[in-house]
Amino acid sequence: MNQFKFAITIFFLLFLQRISFAQTVINFNGNLKVIGDKIDILVDTNSNIPLKVAINSTKYKKSDSPIPNLLTTPYSYWIRVAIKNNSSN
């Protein structure tokens with residue numbers, strides 16, 4: 001469980017430092033939920049976008065599907081999500 005918390009902390013530090021005001025914040029209360037329509041997706045058609053470029057990219061598109069279908073493609077996808085932890089843990 002500590003590895004999970006560490007991974008989530010790193011995720012927040014790296015990916016969520018540039019949250020746009022238009023991005024939907026997901027309120028986490030300890031229960032699982034479908035969040036596909038609350039994420040932003042960046043398609044990396046050459047699979048070579050560096051982390052710093054992906055973090056600062058303005059080319060993310062908001063997903064409009066509860067369960068996005070990324071298909072089977074030779075591309076890489078970057079997913080951005082904002083989460084607010086309301087759980088007691």
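Count residues from 1 along the sequence. No experiment lies behind these values; they were computed from the predicted model shown.
Counting heavy atoms from C-beta outward, K61 and I41 have side chains that stay 4.5 Å or more apart. By the 4.5 Å heavy-atom criterion applied to side chains, I35 and V81 are counted as neighbours.
Looking at every heavy atom in both residues, K62 comes nearest to D40 through CA-OD1, 3.5 Å.
To the nearest 0.5 Å, the span separating CD1 on I79 from CG on L70 amounts to 5.5 Å.
L32 meets the side chain to side chain contact (heavy atoms under 4.5 Å, CB included) test with no other residue; sequence neighbours excluded. Among residues two or more places apart in sequence or in another chain, the side chain to side chain contact (heavy atoms under 4.5 Å, CB included) test is passed with P66 by V34. Remark: T45 pairs with V43, Y75 by the side chain to side chain contact (heavy atoms under 4.5 Å, CB included) rule, at least two apart or across chains. Applying the side chain to side chain contact (heavy atoms under 4.5 Å, CB included) rule to N69 yields the partners L71; only residues at least two apart in sequence or on another chain are considered. By the side chain to side chain donor-acceptor pair (under 3.5 Å) test, T73 pairs with Y77, sequence neighbours left out.
Between the S63 side chain and the I39 main chain, no donor and acceptor come within less than 3.5 Å of each other. For the pair Y60 (side chain) and W78 (backbone), a donor-acceptor distance under 3.5 Å is absent.
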Just distance, no hydrogens or angles: give the donor-acceptor pairs under 3.5 Å from side chains in residues 46-53, sequence neighbours left out.
residue, atom, partner, partner atom, Å
S47, OG, S76, N, 3.4
S47, OG, S76, OG, 2.8

